[in-house]
Amino acid sequence: MKLFTSMKDKGIQHEPSVHDDVLWQNEVLANRHTATIMCCCGIAALVAILLTAVGIFTDTSHVVYRSCISALIWMVVPSLVCFHFKCTKRWMKYLLLVCLIVASARVDCGLGYIAMFCMLLPVVFSIRYYSFTLTLGIAAITTVVFAITTYWGAATNFTPVDLNLVEEGANYASDVMVYSFLPKWLIFILIAGVCAQSAKRGRAMVFEQARISHEHSRVETELQTASQIQLHALPVASELTDGKDVCFDLATSIIPAKEVGGDFYDFFYIDPTHLALVIADVSGKGVPAALFMMISKVMLDSSAQNSKSPAQVLTAVNRQLCKKNEDHMFVTVWLGVLDLTSGELISANAGHENPIVCHADGSVDVIKTKHGMVLGAISGVRYRDDVMQLQPGDTLFVYTDGIPEAHNVSSEMYGMDRLVAALKNKQNMPLQELVDSVQRDVDAFVGKAPQFDDSTMLALRMKGLLIREGIQVHPDYESIVQVKAYVEQQLGQASVPTKCTGKIKTSLDELYSNIVHYSGATWAEVVCHVSEGAVTVVLRDNGMPYDPTSQALPNTSLGAMERRIGGLGIFMARKLMDEITYQHVNGCNEVNMFLRIE
Amino acid sequence: MEILKKRDGDTLEVSVIGPLDTITSPQFEDELTLLLDNVKHLVLDLAQLEYISSAGLRVLLAAQQVMGTQGSLTVRHVPDSIMEVFELTGFIDFLTIE
């Protein structure tokens, strides 16, 4: 909510300044434009002087000289001033336009009816500034200046005499004003009105253009942010594999066709021995697909945390996605759960592309299983778990349809055959390189054809099997018996004396039942070691962080009637063991119990 | 866990065999509650108690609170390892131990 308010505020504050900016940019351009043309007029005047000098123009030469030299001064000087200040002064437009009026007036009264269009010049130039008032103002000044110069020109015979207006004994100057200037001015004022309207319309268009480009850049920025958010929602392979002793390698690639896309991949631990792998493709592209993608991803993630059956997860997510799906979006998903200790991969497929397994000997198999319905289409559909076995050295390769369905300019598809060929005999290629090489192969095939669909890949290579000691359980009430039996067996095998076993079993009962009852963990692991005259028991769980060693000690001096039992168990464990340590590693609680054997 | 019962008038003697922990204590509590009607003297024989955790202590505390108003509770034949727990939890202060 706050984000929206602040963005709205920003918009309101920005609007006038955006307009000012646009007008100012235009004004600078208009200055340059006007100054350039005035300069060109000056050069034209210079040409006229030269032509007169060599005798081609036969008009009275001193009139030409005077008119043209004054035009040079009134046109070229202000232009040079303007260029000197790089056209970026607020007063420049007034200087340019007023000088233009003076120059036009000078030409007008020098040449008379020959130069009757001179009067329009300043008004026409002023349109470029997109200001109704400026154009009208210039028209008014032009009127005054021209009225004065026409009258003065006629009265002093400076302006060549219009023989049509000369009558014996009449007042020539006032006749010029009435019969020549007045009709000319009426036409002028009509044209000036049209010019002012054009300026006004130009201004509106500039604002509209500015608004559109501002809006466009805002949408662009927002899309970029959305794209970042979407990208950051995807996990990074190196976070799972880099610098860690893991039995697999992971590599990914995602190239959206637009800023945001509907493809995604995901991988996460369900517990330390099971890795969930997801690849999915939402119908459509762009923003709608991206929104649906985020919803699907979160739902798959949270459902998969609670189940090792991909079919169950897909059934549950499908039901949820169908609930409020008025826009008939859907998503194809392949979901796999890999048991890292055995290489067993259970997967379910909701209308997604077949996974590919690249074997350690370089051969490639497309795993064809029965597909279920896409998610989000029909509620109540059931999915099927398929089981396959990954051997050490095998690479699982999953992808979206953007890969096999990539088209080249002659509308041929990349196809499964090319994909299989690209994956063949690559068992020794580093995994990320393999994924990148497939993308390069697709790119080379597509050539200059535009990318129509997102293209996404996820690859996992089994380097070996995960070896785990101890016992891994779902920490429910029944698991207490399993854990107890495991520890008893370990202690029995090592012939730990009864005096010690009692202490260990008591402490284990306290700490483990605490995990079962309060941690909210979905996974727990207990490892018991007996060596060099000491017993170590490690308890790990993925529940809420809880440090038993930092709890306050209970009051053990109260009588039977005032007693409460809370906190006593942890206290006992701390007292019975020689040492208890706690740490929070990789999102897991880890408690180490240590007891020397006497 | 197993319990052996011996009733003699208003005296009840109960022997606990095995551990008293999170799993066994609720069962022990249920059985004991059924036996306590009209009992003045409760004797708990812990000679074969393997270990006791706070869940077991909770039952002992409840028994002590009931018997404290109804008669008496005596604990006998406490192994060293169990005695150590009674000591560090302060139970030794209110239990009658023979």
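Note that this is a predicted model, so its numbers are computed, not measured.
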Problem - residues 498-505 of chain A: residues contacting chain B (heavy atom under 4.5 Å, by number) - result: A:K499, A:G502, A:K503, A:K505
Problem - Over 12 foreign heavy atoms within 6.0 Å of CG, B:D80 - result: no
Completion exercise
Turns out that what part of A:Y477 lies under 4.5 Å from chain B's heavy atoms comes down to both
Exercise for the section: Output the distance between atom CG (B:L88) and atom CG (A:L576), rounded to the nearest 0.5 Å. Expected result: 5.5 Å
Exercise for the section: Please indicate whether A:R382 has more than 12 foreign heavy atoms, meaning atoms of other residues, nucleotides or ligands, lying under 6.0 Å from its CZ. Expected result: no
Completion exercise
Residues passing the side-chain contact (heavy atoms from CB on, under 4.5 Å) test with A:Q482, sequence neighbours excluded, are A:I471, A:V473, A:S479
Practice task
Answer yes or no: does atom CG of A:N306 have more than 12 heavy-atom neighbours from other residues, nucleotides or ligands under 6.0 Å?
Solution key: yes
Fill in the blank from the handout: Rounding to 0.5 Å, atoms CG (A:L568) and CG (B:L57) come to a distance of 6.0 Å
Exercise for the section: Please check if atom CZ in B:R7 has more than 12 non-hydrogen atoms from other residues, nucleotides or ligands closer than 6.0 Å. Expected result: yes
Problem - Other residues, nucleotides, ligands: >12 heavy atoms within 6.0 Å of B:E2 CD - result: no
Fill in the blank from the handout: Shortest non-hydrogen pair, B:P19 vs A:K484, comes out as CG-NZ, 4.3 Å
Exercise for the section: For chain A, find which of B:T22, B:V85, B:I52 contributes the most heavy-atom pairs closer than 4.5 angstrom. Expected result: B:T22
Exercise for the section: Count the heavy atoms of every other residue, nucleotide or ligand shown that sit under 6.0 Å from CD1 of A:I467, and state whether that count exceeds 12. Expected result: no
Handout entry: Straight-line distance of B:I23 CD1 to A:D509 CG, nearest 0.5 Å
Key = 7.5 Å
